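Here is the structure we will look at.
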Amino acid sequence: MIETINKNIEIFISSLDGVSNDLVKAVINKSSTSISENLDNGHLTTNVCMVAASTLKLNPKELADNLEKNLNKLELYKEVKAAGPGFINITLHRKDFSSVLCRIIEAKEKFGKSNIGNNRKIQIEFVSANPTGPLHVGHGRGAVYGDVIGRILKATGSFVEKEYYINDAGRQIDILTASVILKIIQKELNGFFPQNAYKGEYIESIGKEFIINNIVKYDDVGSFLKDLSSDPEEEIDQIIVNLKRLDEKIWKLVKSFSLESIIKSIKNDLKDFNVDFDSWFNESSLGELSDSSSQISNSINKLKIDGMAYEKDGAVWLNTDSSGDDKHRVLVRDDGRATYFASDVAYHKNKVDRGYDDLINVWGADHHGYIKRIEASIEALGSNKKKLIVKLVQFANLFKKGKKVKMSTRTGEFFTLKDLIEEIGADAARFYYLSKQADQHLDFDLDLAKSDSKENIFYYIQYAHARIFSLEKKYKEMNPDLDINVEAIEEGLYKKCDNLIHEISKYPNVVNKSAVTLQPHLIIFYLRDLSQLFHSFYNDNHVLSESKDNMQSIVYCLSAVRQTIANGLNLLGIKPMQKM
RNA sequence: GCGCCUGUAGCUCAGCUGGAUAGAGCAACUGCCUUCUAAGCAGUGGGUCAGGAGUUCGAAUCUCUUCAGGCGCGCCA
């Protein structure tokens with residue numbers, strides 16, 4: 001319908017004196033014909049006259065009056081009216097207006113899906129938390145956000161692959177290994193525990209599990225505690241070296257056991273959170289610098305050959321000028337070890353080589369300073385930095401009984417994602433994480449998310465769904481002979497549902513907009529508005545005591561409302577409730 | 001100091017490719033359950049859209065600037 005209107009408008013604009021084809025196109029592109037905010041302004045609205053007025057230097061009101069006459073002559077619409085500063089409001093014929101209901105009832109769970117993504121190949125990398133401890137509530141937000149934009153992009157016709165990058169190489173894993181070993185032999189250490197080791201309870205349980213089938217025994221425990229540095233960073237590094245030297249076999253066993261155990265728990269938590277991944281990428285698969293054929297060596301060599309990386313002060317640096325980064329960045333330290341950044345460069349090269357159109361990275365907002373250097377590395381490796389889309393997710397502050405819950409991985413004091421899911425359920429948690437734009441601070445109020453009160457929007461929406469569900473059930477019990485899919489409303493016999501019909505017709509646009517802007521919260525706000533219209537309708541109209549004809553119309557319409565709510569919730573990875 | 005984000009009702013937030021009277025929930029006050037789920041509905045009050053300047057027929061929305069808050073600026077990860 002909107003396409004038809006736009007065509008008519010285009011013909012009208014072209015017919016104006018002295019307007020070139022280019023100008024017509026410019027006006028059409030800049031203007032928008034859309035479903036009106038509100039039924040008072042007709043079913044559809046276009047601002048084309050105001051856009052044309054500024055581009056073509058004409059009077060918007062006069063233009064609107066002319067377009068009004070022009071469109072009315074076509075007799076395609078019930079009414080066309082110029083209004084306000086130059087809007088054109090269009091009222092459709094009854095059948096065109098209510099046709100959305102048939103579309104929904106027919107499309108069912110497909111209503112709202114589209115093909116605007118054009119099969120674009122998109123990779124989303126998210127969470128990617130270091131496997132040194134359980135996921136906490138901070139990771140939860142990025143997890144849901146990445147998962148849901150993946151679902152939304154898929155629903156709008158993109159090909160999506162979701163990936164978790166596991167930092168299973170490097171120093172932090174050594175620290176993890178050392179922490180587990182030290183916990184196992186704790187009794188022999190006279191209370192000694194390095195300041196920079198991980199201290200969470202999970203370290204001890206991993207150790208306990210490990211010694212069920214293994215023996216950890218060092219001949220000379222005291223030897224690796226001698227002459228340790230007073231600097232905590234150096235101290236832990238020394239302990240790592242000593243432990244490896246004392247018994248390399250044990251070291252390797254503990255390391256792989258700990259890693260596996262933590263990765264397994266991360267995967268479990270994500271599964272319980274209804275967040276799924278298509279692939280898990282190990283940093284270790286990028287290989288070592290010492291292996292000249294590894295991916296990490298290849299990337300650095302390519303950069304060097306192309307003159308984008310160079311040696312200075314004993315280190316290898318990447319030239320990051322192309323992205324406007326403040327300074328060049330080190331890839332290989334002067335002691336020959338690769339930096340974390342070097343792995344990331346190789347990892348992004350790997351992603352680019354896999355041939356995606358877009359690479360979306362979901363990062364914690366504290367990493368924003370990192371964007372430019374990654375962009376620079378993509379450019380330096382001969383690709384376009386525009387492929388990379390970094391979405392920053394701000395931290396979520398957790399509030400319990402009005403107080404902020406503090407968190408720190410090092411000391412092991414944190415509220416884990418698992419705790420959160422156990423406390424309020426995965427669905428409510430997902431909902432509240434998504435309830436605000438991802439790049440803004442979120443205050444997550446646990447007590448509110450758990451509460452039975454009306455301020456809990458999650459239940460407000462679920463309640464709307466459950467109410468319709470039970471209404472449909474009762475209707476079928478009362479009228480076993482009547483098919484629910486009756487198109488009575490098309491005849492316009494019952495008009496109290498018009499607000500609802502108008503609102504659900506907006507849903508596909510909401511989904512498209514949230515896909516284009518990568519903003520899932522738009523769907524939440526839309527669902528809240530739709531639920532509100534429904535609850536209001538429900539209070540004013542006692543459905544099951546209406547005449548049979550009306551009842552059919554209403555149930556037909558409410559089924560479409562329920563389907564829309566269900567589709568919206570499913571898109572967010574939240575199960576609609578049938579009963580509350 | 002530089003960079004990014006934010007400032008909208010008492011509180012929590014929508015609205016931001018410029019468009020019709022700036023919206024919602026909570027809190028406050030007033031009503032609505034012998035009828036389909038009251039985890040609901042209806043109503044009232046509440047705003048210099050942080051301040052200032054600019055662009056425009058039109059600015060919460062764009063530009064500049066001031067103020068306030070958060071975060072980031074390692075040969076850490």
Side-chain angles (χ1 to χ4, degrees), chain A residues 29-32 36-38 40-41 45 47 50-51 53-54 57 59-61 83-87 89 130 132 167 170-173 175 233 283 312-317 324-327 329-344 364-372 392 394-395 435-437 439-443 445 448 451-464 466-475 477-478 516-517 521-522 524-526 528-529 531-532 534-546 551 554-555 558 577 579-580:
Chain A
N29 284 339
K30 262 179 94 180
S31 69
S32 82
S36 67
E37 239 346 272
N38 183 311
D40 298 340
N41 297 331
T45 293
N47 65 350
M50 289 180 291
V51 173
S54 71
K57 305 253 151 61
N59 180 327
K61 281 200 146 183
F87 288 102
N89 295 331
N130 285 340
T132 53
N167 297 112
R171 182 166 173 260
Q172 77 279 2
I173 301 303
I175 297 177
E233 294 284 336
E283 181 187 357
K312 192 184 133 200
D313 303 333
V316 178
W317 299 72
D325 197 7
D326 329 11
K327 52 182 156 187
R329 305 290 172 174
V330 171
L331 292 162
V332 183
R333 299 181 180 96
D334 58 7
D335 64 5
R337 289 181 304 156
T339 58
Y340 172 88
F341 176 51
S343 296
D344 247 0
D366 53 336
H367 282 64
H368 77 254
Y370 207 73
I371 299 172
K372 283 187 173 164
L392 296 176
Q394 283 286 357
F395 289 119
S435 66
K436 200 178 165 184
Q437 285 190 44
D439 62 356
Q440 292 185 30
H441 292 274
L442 172 74
D443 287 338
D445 187 335
L448 171 66
S451 77
D452 288 359
S453 75
K454 5 180 158 175
E455 56 196 293
N456 192 336
I457 317 165
F458 172 66
Y459 286 110
Y460 184 80
I461 294 169
Q462 292 283 17
Y463 189 39
R467 272 180 150 178
I468 301 177
F469 188 86
S470 97
L471 202 57
E472 287 175 303
K473 212 168 128 195
K474 285 224 162 79
Y475 171 81
E477 282 166 12
M478 281 171 62
V516 171
T517 59
H521 77 281
L522 297 178
I524 293 215
F525 281 90
Y526 168 78
R528 197 208 48 203
D529 290 345
S531 301
Q532 203 205 340
F534 163 74
H535 284 306
S536 173
F537 174 88
Y538 186 88
N539 257 267
D540 290 347
N541 300 277
H542 194 260
V543 180
L544 299 181
S545 53
E546 289 279 351
M551 224 193 289
I554 296 169
V555 174
L558 292 185
M577 294 179 175
K579 208 169 78 179
M580 290 177 66

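In what follows, chains carry the letters A, B, and so on, assigned in the order in which the sequence lines appear, proteins first and then strands, with residues in each chain numbered from 1. If you're wondering where the values come from, they're calculated on a predicted model, not measured in any experiment.
- The phosphate of B/G70 has neither OP1 nor OP2 within less than 4.0 Å of any side-chain N or O from A/His368.
- A/Ile371 comes within contact range of no nucleotide atom at all, as no heavy-atom separation falls under 4.0 Å.
- Here the P atom of nucleotide B/G40 and the CG atom of A/Leu471 are 18 Å apart, to the nearest Å.
- In this structure, A/Asp335 does not pair ionically with A/Arg333, as no charged nitrogen and carboxylate oxygen lie closer than 4.0 Å.
- Note on A/Ser32: nothing from the nucleic acid sits closer than 4.0 angstrom, heavy atoms only.
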Scan nucleotides 74-77 of chain B against the protein and return all N/O pairs shorter than 3.5 Å with their distances rounded to 0.1 Å.
residue: B/G74; atom: OP2; partner: A/Lys327; partner atom: NZ; Å: 3.4
residue: B/C75; atom: O3'; partner: A/Arg333; partner atom: NE; Å: 3.4
residue: B/C75; atom: O2; partner: A/Asp334; partner atom: N; Å: 2.9
residue: B/C75; atom: O2; partner: A/Asp334; partner atom: OD1; Å: 3.3
residue: B/C75; atom: N4; partner: A/Asp313; partner atom: O; Å: 3.4
residue: B/C76; atom: OP2; partner: A/Arg333; partner atom: NE; Å: 2.5
residue: B/C76; atom: OP2; partner: A/Arg333; partner atom: NH2; Å: 3.3
residue: B/C76; atom: O3'; partner: A/Arg333; partner atom: NH2; Å: 3.2
residue: B/A77; atom: OP1; partner: A/Arg333; partner atom: NH2; Å: 2.4
residue: B/A77; atom: OP2; partner: A/Arg333; partner atom: NH2; Å: 3.3
residue: B/A77; atom: OP2; partner: A/Tyr340; partner atom: N; Å: 3.1
residue: B/A77; atom: O3'; partner: A/Gln172; partner atom: OE1; Å: 2.6
residue: B/A77; atom: O3'; partner: A/Gln172; partner atom: NE2; Å: 3.2
residue: B/A77; atom: O2'; partner: A/Asn130; partner atom: ND2; Å: 2.8

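- A distance of about 33 Å separates the C1' atoms of B/G46 and B/U37, rounded to the whole Å.
- Dashed line: the shortest gap from a side-chain N or O of A/Ser470 to OP1 or OP2 of B/U37 is under 4.0 Å.
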Would you tabulate the nitrogen or oxygen pairs shorter than 3.5 Å linking the protein to nucleotides 42-44 of chain B?
residue: B/A42; atom: OP1; partner: A/Ser536; partner atom: OG; Å: 3.1

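- Taking the six-membered ring where the residue is Trp, A/Phe534 and A/Tyr538 present tilted rings, their angle falling between 30° and 60°.
- With contacts defined as side-chain heavy-atom distances shorter than 4.5 Å, the pair A/Lys436/A/Gln394 does not qualify.
- Every residue two or more places apart in sequence or in another chain was checked for a ring-ring contact (aromatic ring centres under 6.0 Å, His included) with A/Phe469, and none qualifies.
- Across all strands, A/Lys579 comes closer than 4.0 Å to base atoms (heavy-atom distances).
- Taking the P atoms as reference points, B/G47 lies 13 Å from B/G23, given to the whole Å.
- Following rounding to the nearest Å, A/Asn456 (CG) and B/U37 (P) show an atom-to-atom distance of 21 Å.
- Residue A/Asp326 contributes atom CG, which lies 12 Å from atom C1' of B/G1 at whole-angstrom precision.
- Comparing B/U8 with B/G15, their P atoms sit 14 Å apart, to the nearest whole Å.
- A/Asn89 comes within 4.0 angstrom of a nucleotide base, judged by non-hydrogen atoms across all strands.
- Contact between A/Phe341 and A/Val330 at its shortest, heavy atoms only, is CD2-O, 3.7 Å.
- At least one side-chain nitrogen or oxygen of A/Tyr460 sits closer than 4.0 Å to the OP1 or OP2 atom of B/C41.
- Secondary-structure annotation of RNA chain B gives the stems B:1-7 with B:67-73, B:10-13 with B:23-26, B:28-32 with B:40-44, B:50-54 with B:62-66, with a stem taken as at least 3 successive Watson-Crick or G-U pairs whose two distances both fall under 3.5 Å.
- The shortest distance between side-chain heavy atoms of A/Ile554 and A/Tyr475 does not fall below 4.5 Å.
- No donor-acceptor contact under 3.5 angstrom links the side chains of A/Gln172 and A/Thr132, judged on distance only.
- Taking atom CG of A/Asn541 as the reference point, atom C1' of B/G40 lies 14 Å away to the nearest angstrom.
- OP1 or OP2 of B/A38 has at least one side-chain nitrogen or oxygen of A/Arg467 nearer than 4.0 Å.
- Going from atom CG of A/Asp529 over to atom P of B/G15 covers 11 Å, rounded to whole Å.
- Counting only heavy atoms from C-beta outward, the side chains of A/Arg171 and A/Glu233 approach each other to under 4.5 Å.
- Straight-line distance from the CZ atom of A/Phe458 to the C1' atom of B/C26: 19 Å, rounded to whole Å.
- Checked by atom type and distance alone, the side chain of A/Asp313 never pairs as donor or acceptor with a backbone atom of A/Ala315 at under 3.5 Å.
- Of the side-chain N and O atoms in A/Lys30, none sit less than 4.0 angstrom from OP1 or OP2 of B/G18.
- Spacing between B/A27 and B/G10 at atom C1', rounded to whole Å, works out to 8 Å.
- Spacing of C1' atoms, B/G40 relative to B/C26, comes out at 16 Å, to the nearest Å.
- When rounded to the nearest whole Å, the span between OH of A/Tyr463 and C1' of B/G25 equals 17 Å.
- B/C33 takes the syn form, because its glycosidic angle lies no more than 90° either side of 0.
- Taking the C1' atom of each, B/C49 and B/A60 are spaced 5 Å apart, rounded to whole Å.
- At a threshold of 4.5 Å between non-hydrogen side-chain atoms, the residues A/Arg467 and A/Leu471 do not count as touching.
- At whole-Å resolution of the value, CZ in A/Phe87 and P in B/A20 are 6 Å apart.
- Within the 4.5 Å cutoff, side-chain heavy atoms of A/Tyr370 are placed close to those of A/Tyr340.
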Taking N or O atoms only and anything under 3.5 Å, show me the protein contacts with nucleotides 11-13 of chain B, one pair per line.
residue: B/C13; atom: OP1; partner: A/Lys436; partner atom: NZ; Å: 2.9

Pick out the pairs of N or O atoms, protein on one side and nucleotides 28-35 of chain B on the other, that lie under 3.5 Å.
residue: B/U35; atom: O2'; partner: A/His542; partner atom: NE2; Å: 3.2

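- Comparing B/A14 with B/A9, their C1' atoms are spaced 13 Å from each other, to the whole Å.
- No side-chain donor from either of A/Asn47 and A/Ser31 sits under 3.5 Å from a side-chain acceptor of the other.
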